[in-house]
Amino acid sequence: MSKSILVLPGDGIGPEIVAQALKVLDKINQQFDIGMVFEEGLLGGAAIDAHGVPLADATLARARAADAILMGSVGGPKWDKLDRAIRPEKGLLKLRSELQLFANLRPAILYPQLADASTLKPEVVSGLDILIVRELTGGIYFGEPRGIRTLANGEREGFNTYKYSESEIERIGRNAFEMAMKRNKRLCSVDKANVLEATVLWREVMDRLAPEYPEVSLSHMYVDNAAMQLVKAPKQFDVVVTGNMFGDILSDAAAMLTGSIGMLPSASLDKNRRGLYEPCHGSAPDIAGQNIANPLATILSAAMMLRYSLDQEPAAQAIELAVSKVLDQGQRTGDIMSAGMTQVGTDAMGDAVVAAL
Ligand code: IPM
Ligand code: MG
């Protein structure tokens, strides 16, 4: 049975890194006889240039019909001055929201070969394996009302709404408890319940779910402390569950623990585990087109796609093992380069992973 994959390379380094993931997936397709069929679409700035909107209805329809979506990155200075409603990022946010991809899994794993690439001391990060479960379709990213308005005195005011319903909290909470069950059974829920009512309710719902997962030990942490603990003693965490904005921020911090944000993949899943797979990093317009970007986060996102949406665990593991082998061989893109290693470009890194398969 064939599996249709919609590929959305996006902007900046997106097309270069996605091309590497496609090379790897082609090889995997042959080796494991998965029957993936790829079609490309436009998202973000690329879609604005072609259609005037960051996500065309036709592309959204193709996304709905696909078995999985593989994405690069969106955005860049070229589109920064556009009206807020048609910014490149809006295309991605619409895709997440329309497809109800509420569960964003962001694993931060330190490959032992990269212990020196982290800005933190090797003993602080060695063996690190955290999973951040970020709520992705609610919270302040989507809350209404929102906007910039002019007050009676003529001054302008920007405003957003931070809200979470019980059902939204419950579904991401269940997801996180289930992830914790498959790992080391520790779940830390991150909130700001000392200040924000929306997160008082968040904490309450997490506590209410806890007895249903008696093997999982649930703890709570305020987001400011969580940011500090992530850089102080990150190995205390197993699974972290948090809202959309806190998850955005904490996952960038967690990424650096692993040496480079260029190593961090992600999966955004709906309730049936259909999903969108993308690296956690952005479109890096400053290095786009130079064949120097690290494609490993996208290649590892492709592995997550095989695992979660296509039910191909052995194929997912084969990719992860191939990435590890390439790191053993000493091949490094600039962002993870260290003394004695061999610096390679985007394309060569992709080829190296294919060869390791
Ligand atoms: C991410 C990105 C996005 C987000 C942007 C591009 C809208 O930073 O996936 O972390 O804020 O969610
Ligand atoms: Mg982000």
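Along the sequence shown, the residues carry numbers beginning at 1. In this text, all values refer to a predicted model and were calculated from it rather than measured experimentally. All ligand and atom numbering here is 1-based and tracks the order in the structure.
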Notebook entry, point to check: Counting N and O atoms only, with roles assigned by atom type, does the side chain of N104 sit under 3.5 Å from a partner on the main chain of L269, one being a donor and the other an acceptor?
Noted result: no
*Can a non-hydrogen atom of R106 be found less than 4.0 Å from any atom of ligand 1?*
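R106: in contact with ligand 1 (<4.0 Å).
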In this structure, atom 10 (O) of ligand 1 is nearest to the protein heavy atom D248 OD1, 2.9 Å
**Prompt:** Considering only the protein, which heavy-atom contact is closest to atom 11 (O) of ligand 1, and what is its distance?
**Reply:**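 For this ligand atom, the closest protein heavy atom is Y141 OH, 2.5 Å.
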- Going by heavy-atom distance to atom 6 (C) of ligand 1, choose the closest among H281, E89, E278, M71.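 The nearest heavy atom belongs to E89.
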request  = Could you tell me how the ring of Y213 sits relative to the ring of F177: parallel (under 30°), tilted (30 to 60°) or perpendicular (over 60°)?
outcome  = parallel
Which atom of D248 is nearest the Mg ion (ligand 2), counting N, O or S only? It is OD1
Of the side chain and backbone of R96, name the one, both, or neither that has a heavy atom under 4.0 Å from an atom of ligand 1.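 Contact part for R96 vs ligand 1: side chain (C-beta onward).
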Close-contact set for ligand 1 against R134 heavy atoms, below 4.0 Å: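 Under 4.0 Å from R134, ligand 1 has these atoms: 1 (C), 4 (C), 9 (O), 10 (O), 11 (O), 12 (O).
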Worksheet item: Just by distance, with hydrogens left out, do Q113 and D328 show a side-chain donor and acceptor under 3.5 Å apart?
Response: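 Yes, a side-chain donor-acceptor pair sits under 3.5 Å.
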For the residue pair Q20 / E16, report whether a side-chain donor-acceptor contact shorter than 3.5 Å exists.
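Not at all, the side chains of E16 and Q20 share no donor-acceptor pair under 3.5 Å.
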The side chain to side chain donor-acceptor pair (under 3.5 Å) partner of K192 among T242, D224, T199 is D224
For the CD atom of E135 and the CZ atom of F142, what is their distance to the nearest 0.5 Å?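 These two atoms lie 8.5 Å from each other.
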